[in-house]
Amino acid sequence: MTDGKSRIFLSVVFFLLATCSVCCTNLKRFAYEGFWRDRWQHPGQAIRVLEIQTGQHIADLGSGSGYFTFRLADAVGPNGKVYAVDVDQGMNKYMEKQARKRGYPNIEVILAQHHDPLIPGDGVDLIFTCNTYHHIKDRVAYFSQTRRCLKPSGRIAIMDFNGKGWFQKILPHFTASEVIKKEMESAGYHLQHEFNFLPRQHFLVFSLGKE
Ligand SMILES: C[S@@+](CC[C@H](N)C(=O)[O-])C[C@H]1O[C@@H](n2cnc3c(N)ncnc32)[C@H](O)[C@@H]1O
């Protein structure tokens, strides 16, 4: 190939990759948020039952496009902090942009590793994770080491799909609640609450100590 042709070829490849990365982020956003998610997600009630206090520090593990991140940031207020933790650099860039645009200085975006959330600081009050549990590999080891990211009074709230509904039958992205309970107990946590108001998801809260 001549110099001119290879330059055109490389420009086309670069353009296609750039277009694909923007489109992929938008497609993923749509996949996570879909249409009318509030109707089945009941985000207000989900945040309320967690009894979050202003000033608390929270990690939203697998924050995606921030469906819960912004709501958590509202709950902790300007003196609190929410770490938006995700392994997807494209989503993280989108989150950073949105946090700036919407005026949320209390959100800090963290690029995690698949085996380590890399949550900074001395420990958060709550790790919240929605529709992400089934993505995590070797979960007992993962959540055993994640204990060090929590304060002694810290909690982990796990929401994951329950396998109900036609869509979840086609795309089996869910975890049985018995599996979550068994794995989290093996990782050293104790079940504190199990909420049953979400039609499509389990919603379990674990603590480090026995109540
Ligand atoms: C289905 S999305 C859910 C996004 C968001 N929590 C929501 O409810 O809309 C799952 C997210 O988890 C992220 N993820 C997958 N494995 C992860 C890991 N090991 N650590 C952190 N994030 C992870 C993905 O990149 C993706 O953004």
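All ligand and atom numbering here is 1-based and tracks the order in the structure.
- Proximity annotation for atom 15 (C) of ligand 1: of His134, Gln41, Gln89, His135, His135 comes nearest, heavy atoms only.
- Ligand-side atoms of ligand 1 in range of Asp88: 25 (O), range being under 4.0 angstrom from any heavy atom.
- With a 4.0 Å cut-off on non-hydrogen atoms, Pro117 does not touch ligand 1 at all.
- With a heavy-atom cut-off of 4.0 Å, Arg37 touches ligand 1 through its side chain alone.
- Ring centers of Phe195 and Phe203: under 6.0 Å apart, within the cut-off.
- Ionic pairing of Asp122 and Lys151 is not present here: no N-O contact between side-chain nitrogen and carboxylate oxygen is shorter than 4.0 angstrom.
- For ligand 1, the atoms sitting less than 4.0 Å from at least one non-hydrogen atom of Ser63 are 5 (C), numbered in the order shown with element in parentheses.
- Residue, atom and distance of the protein heavy atom nearest to atom 23 (C) of ligand 1 are Val87 CG2, 3.6 Å.
- A salt bridge between Arg139 and Asp160 is absent, with no side-chain N of the basic residue lying under 4.0 Å from a carboxylate O of the acidic one.
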Original post:
Would Arg148 and Asp116 satisfy salt bridge (Lys or Arg N to Asp or Glu O under 4.0 Å), going step by step from the backbone distance to the final call?
Top reply: CA-CA 11 Å; Arg148 68 179 156 73; Asp116 189 337; 3.3 Å; yes
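- The distance from atom CZ of Phe68 to atom CZ of Phe128, rounded to the nearest 0.5 Å, is 4.0 Å.
- Among the atoms of His114, some N or O lies under 3.5 angstrom from an N or O of ligand 1.
- With respect to atom 2 (S) of ligand 1, the closest heavy atom belonging to the protein is Tyr32 CE2, 3.3 Å.
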Original post:
Can you check salt bridge (Lys or Arg N to Asp or Glu O under 4.0 Å) on Asp74 and Arg48, steps first, answer last?
Top reply: CA-CA 12 Å; Asp74 286 335; Arg48 237 177 355 261; over 6 Å; no
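- Between Gly62 and ligand 1, at least one N/O pair is under 3.5 Å apart.
- With distances taken over non-hydrogen atoms, the option nearest atom 11 (C) of ligand 1 out of Ile110, Thr132, Asp116 is Thr132.
- Comparing Cys130, Pro43, Gly64 by heavy-atom distance to atom 3 (C) of ligand 1, the nearest is Cys130.
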Original post:
Which is it for Tyr133 and His135 under the ring pair (Phe, Tyr, Trp, His ring centres under 6.0 Å) test, yes or no, and what are the steps along the way?
Top reply: CA-CA 5 Å; Tyr133 191 86; His135 286 288; over 10 Å; no
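- If you check which protein heavy atom lies closest to atom 1 (C) of ligand 1, you get Asn131 O, 3.4 Å.
- Between Asp86 and ligand 1, an N or O atom pair is found at a separation short of 3.5 Å.
- Put simply, the side chain of Met95 reaches to within 4.5 Å of the side chain of Ile107, judged on heavy atoms.
- At a threshold of 4.0 Å, the pair Lys181-Glu178 counts as salt-bridged, since one of the basic side-chain nitrogens sits closer than that to a carboxylate oxygen.
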